[in-house]
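All figures in this text were calculated on a predicted structure; none of them were measured in a lab.
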Amino acid sequence: MWARFTAVTGLVLAGVLALPGVAMAKPKDLDIPVGTWLAARTHPAVQLTSVSYTADVAVPTPVANLEAIRGLTQQGVAAVQSGKISSDENSIYRWVVQQMAKEPGRYFSPGAPERVVEATAGGLCTGWWVTPDGYMVTAAHCVGQEESELAQTFATQALTKINEKDAADLISSLGDIASDDEIVRTAAKIFQIWNADNIKIRNVQSSLSLLQSLPGGGVDKTAKAVPIELVAKGTVYPGKDIAILKANGQNNLPTVPLGQDSDVRVGDTLYISGFPGTVTQTSIFNIESKLDPAFTEGPYNASRQTPEGVPYIQTQAPSYPGNSGGPVFSKDGNVIGILVGGLIQQDGGSTEGESFVLPVSIVREKLNEKNIKSAESVTTKAYNEALDLFFKNHYSDALPKFREVQALQPNHPYVAKYITDSQQAITAGKDESSSSILPWVLWGGGGLLVLFVLGTLGAVLRGKRRSKIPPSSFPPAPYGAQPGYLPPGQGQYGHPAQQHGQPYGVPQQQPYPQRPPYPLPAAPEDTRAIRPHSPYEAPQPKPGPGANTRIAGLEAELEQLRRNMGQRPPDQR
């Protein structure tokens, strides 16, 4: 009996565990592209970071070195005579400024007065949460610059007006050729280089922040800057270009999981998430668009190593300035490295196929140095479960999960839109949720278990009563009848025979303390436990001396089972 009980229990539990939403789904289970699945799961944890500087910036006034310029002019005349350049005035001056741009310090010297401006400069990168309480990973070069790099940044960002004035002065000294765009661009380049070489920076102050979204559909247009502190920093590329940041006062942040270096190999597809400067540094898009990460993918091309022994992964996944510090994922959704950089062309574009990724083992190493343990947040767990349901079109099942995420993390940038999308899908009749099925599976599974015990107990009790009836009470069996023969019209144990009975009937009384909010189907006319008839079923043996004890034990187990079932109401949606 108990072997059969165990088998039934196993089948019911297996059916319940096989229901949608219990296990985390993979893209192939959801019939969606890997990139779609990854982007939806990882975007909430990817943040736009900012480093900004303020300083007093001073540059001298450039004074032309007339002797050097005269010598350059003579070279231009010789080039015209030899036919290397055209003899028209614009061609000559174009050649002259091109030569100056190659070595500006040779043709201009520092002079008075010194020009001082209160300047600001900064850069945008990508970071990502690894703990629910605010630890973030990014690239080392995203959180601070060396003095020479900072001078170049100020020269191109803070000294724009000064550079433009110096270039205009040079052009005017050359004559009426301002309409030549190439000369204008080259002149500007001359003074970007010269001012960067002669700049003096005083009273430097820097700050780190991230742009965190506010509640609302998508990323709110009033996103605010949240201060963030530097916890640890490695050596910039080609070193261990990683930094750890911490935002205080945070909890239940969305996170991404760390993988292992061995999770990927040459030929695998890699996925990069981040904020390319081609979007964040343009006026074409609004702030909402700029705060939405971009997702790219490409093959793992090769494993590389620097002379100092630092490992890098080369990938063909496109990346751009601003992607620096962004997470790189395997197809399973685990971080396998940080996007650090790529080879940049002279026009500022990246060289396709030459993005470089610092492996995740270096990330783990830096986190371990500070005793920081990466962890999945409850927000991320609930969000991923909701996404799986959403992608299966189980919108009614996904909706309470998305609302749980919103309660856990009100600043979550995407959950409000998923709530709206789920509600609209339900209204449009697209919902394929199992909400109305799950309670019935739990009800039916529990009912089967209860009825099996009831049937077994009833069999024992009836067998006991039957054993007390004199044999003469039964009508004589026809000659040649098989053991266990029942007269026509009589079912087993004396019940009316039924031609079409279920192995286990549906109970009339609910074992739950309250009726579910949805209607139950009408119960069959006969709800007793009926086993299929068998012409070869042997009669029940006469209860032995221990029958009463076994019956009492069964009754106690039945009562306990009823109590347990009473503590498992159907799922309230």
Does a sphere of radius 6.0 Å around [atom1] in [X] hold more than 12 heavy atoms from other residues, nucleotides or ligands, not counting ones at 6.0 Å or beyond?
{"X": "K331", "atom1": "NZ", "result": "no"}
{"X": "Q305", "atom1": "CD", "result": "yes"}
{"X": "K290", "atom1": "NZ", "result": "yes"}

- Stepwise salt bridge (Lys or Arg N to Asp or Glu O under 4.0 Å) check, K392 with D388: CA-CA 6 Å; K392 291 179 180 178; D388 289 344; over 6 Å; no
With sequence neighbours left out, what residues match [X] under ring-ring contact (aromatic ring centres under 6.0 Å, His included)?
{"X": "Y107", "value": "none"}
{"X": "F391", "value": "none"}
{"X": "Y418", "value": "F390, F402"}

- Can you list every salt bridge (charged side-chain N to carboxylate O under 4.0 Å, His left out) pair that touches residues 247-276, not counting sequence neighbours?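 Every pair satisfying salt bridge (charged side-chain N to carboxylate O under 4.0 Å, His left out) with a residue in residues 247-276: there are none.
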- Only pairs at least two apart or in different chains count here, so list each salt bridge (charged side-chain N to carboxylate O under 4.0 Å, His left out) that has a residue in residues 231-243.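 Qualifying pairs, neighbours excluded: K240-E365.
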- Between Q152 and Q145, a side-chain donor and acceptor under 3.5 Å: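 Short answer, no.
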- Item | Flag for T315-S355: side-chain donor and acceptor within less than 3.5 Å |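 Not at all, the side chains of S355 and T315 share no donor-acceptor pair under 3.5 Å.
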- Task: Keeping to residues at least two apart or across chains, list the disulfide bond (SG atoms under 2.5 Å apart) pairs with something in residues 51-125.
- Result: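 Output for this query lists C125-C142.
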